[in-house]
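The structure under discussion appears below in the form of structure tokens.
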Amino acid sequence: MGVPHRRKARLIVLAALLVGAAAVVVGTATARTSATTIKISNWDAYMPEDLIPRFEKATGIKVKLSKHTTNEDIMGKLEAANGGGFDLVFVSSPFAESLKKRGWAARIDRKLIPNMKNLYPAANRLSYDKGLRNSVPYTWGTTGLCWRSDLTSTPKSWWDLLRPKSSLVGKVTMLQTDRWLLLPALKVLGFSINTVNPKQLQKAAALLKETKKSLLSYDDTTFYSKLVSGEAHLVEAWDGWCNYGIAENPKIKFVVPKEGSDVWVDTMVVLEKSKEREAAHKFINFVLRPDVGTSVTELVLYKTPNAKAMAKVRKSLAKQYPNLAIPPKKLLTYETERDLGKGQPLWSRTVSEIVG
């Protein structure tokens, strides 16, 4: 979620080929035609390597794939192009909401995406885009505690992270990205994870400054490896990334603390300035095929809002990674990540104040 991006899959995405226009001779006249090409930006290794080739073969539409490292990275590119430069972008829910507010997100034409019927009904109730009018969810999940069950007892509360017992001091990591650094403190204090109230953020900051003294590190990328090696015993983690640790050591477990957590969603957004909107919609429709959605989950180890795809996920996989089986009804009891709007600079200052 979303996220510098926690999205680091274990396989490498196959680069899409850009095909030039072909010369076609008709009678005595020579004309040049060009296959439809759509420009997409996604995180690295966030799609099965055969997804784009299969789409191109099935539709005749070519894909030029660019990769971004973070939401901020792609938003910067869109800013430079005044909302253009791509036909379809993958972004996390707060950024999809921001694109909508800025008028850069096109209206989704459901007639062009019949496979939207494969989504869980709950996906239409996501607060950042109710009714999925300007975005389509790709993956979703939550944030919690990931721990070594052979090295420490089962955590139950965010307090286990914020005020770790003596045996865990120096063996705990927290996510540093602003939304997830503040999340544990906001939850135990009873505040919204989307608050822009200065007093509430300051209370959370004061708590996190104390927590900092007991941390091994802030870590957004290697925390699960630290669990595998035993350097860390308890970490704040996105569910999918905890699964990467579980893949290497089954004694690693994941739990959502009793105070609750977030719902992060990575989405597909067609840009208003796209001249190939119909082709971009066809790409989304292809992604929402059950077989494609299943391959996404089995690659990145994240849940997808695609009900028919999740039904096809191997049962052995869900058994190995229990958080894949969190039902939508339970997931949506958590709070959805929203765009902070004018409150973003305050969040950034607060985080800088905490981490130093």
Using the rule given for side chain to side chain donor-acceptor pair (under 3.5 Å), can you reason through S92 versus N71, listing the C-alpha separation, both sets of side-chain angles and the distance that settles it, and then say yes or no? CA-CA 7 Å; S92 299; N71 284 294; 3.1 Å; yes

Closest non-hydrogen contact found for A122 with L332 is O-CD2, 3.4 Å

Exercise: do Y46 and D266 side chains pair donor with acceptor under 3.5 Å: yes

Flag yes if more than 12 heavy atoms outside K275 fall under 6.0 Å of its NZ atom; otherwise flag no. no

In V355, L182, V351, the residue satisfying side-chain contact (heavy atoms from CB on, under 4.5 Å) with L208 is L182

Identify the heavy atoms of L215 and Y218 that sit nearest to each other, and give their distance. CD1-CE2, 3.4 Å

Under 3.5 Å, is there a donor on one side chain and an acceptor on the other for T152 and W147? no

Are the side chains of D339 and Y128 in touch, meaning some heavy atoms are under 4.5 Å apart? no

Can a salt bridge be assigned to the pair K39 and E276 using a cut-off of 4.0 Å between side-chain N and carboxylate O? no

Side chain to side chain, D262 and E335, heavy atoms closer than 4.5 Å: no

Give a yes or no on this: more than 12 heavy atoms of other residues, nucleotides or ligands lie within 6.0 Å of atom CD of Q320. yes

What I want to check is whether the side chains of N134 and E97 have a donor and an acceptor closer together than 3.5 Å. no

Is the shortest side-chain N to carboxylate O distance from K171 to E231 below 4.0 Å? no

Please lay out, stage by stage, how D220 and T177 fare under the test side chain to side chain donor-acceptor pair (under 3.5 Å). CA-CA 7 Å; D220 283 6; T177 305; 2.3 Å; yes

Distance only, no hydrogens: is a donor on one side chain within 3.5 Å (strictly under) of an acceptor on the other, for R289 and N118? no

What are the two closest non-hydrogen atoms of A232 and L216, and how far apart are they? CB-CD2, 4.1 Å

Both conditions, 6.0 Å and 45 degrees, for the charged tip of R102 above the ring of W104: are they met here? yes

W43-H68 aromatic ring centre distance below 6.0 Å: yes

Answer whether the closest heavy-atom distance between the side chains of M174 and P184 falls below 4.5 Å. yes

Would you say S157 and E259 are linked by a side-chain donor-acceptor pair, where the criterion is simply a distance under 3.5 Å? yes

Between D87 and R277, does a salt bridge (charged side-chain N to carboxylate O under 4.0 Å, His left out) hold up when you go through it step by step? CA-CA 7 Å; D87 299 291; R277 289 195 206 174; over 6 Å; no

Do S261 and L183 have side chains that approach each other closer than 4.5 Å (heavy atoms only, starting at C-beta)? yes

With no hydrogens and no angle check, do the side chains of T173 and E236 hold a donor and an acceptor under 3.5 Å apart? no

So, do I252 and C146 sit near enough that their side-chain heavy atoms are less than 4.5 Å apart? yes

Are side-chain N/O atoms of T294 and D291 paired as donor and acceptor at under 3.5 Å? no

Please tell me whether K226 and T222 have a donor and an acceptor in their side chains that are separated by less than 3.5 angstrom. yes

Sub-4.5 Å side-chain heavy-atom contact between R125 and K130: no

Side chains of Q200 and T195: do they bring a donor and an acceptor to under 3.5 Å? yes

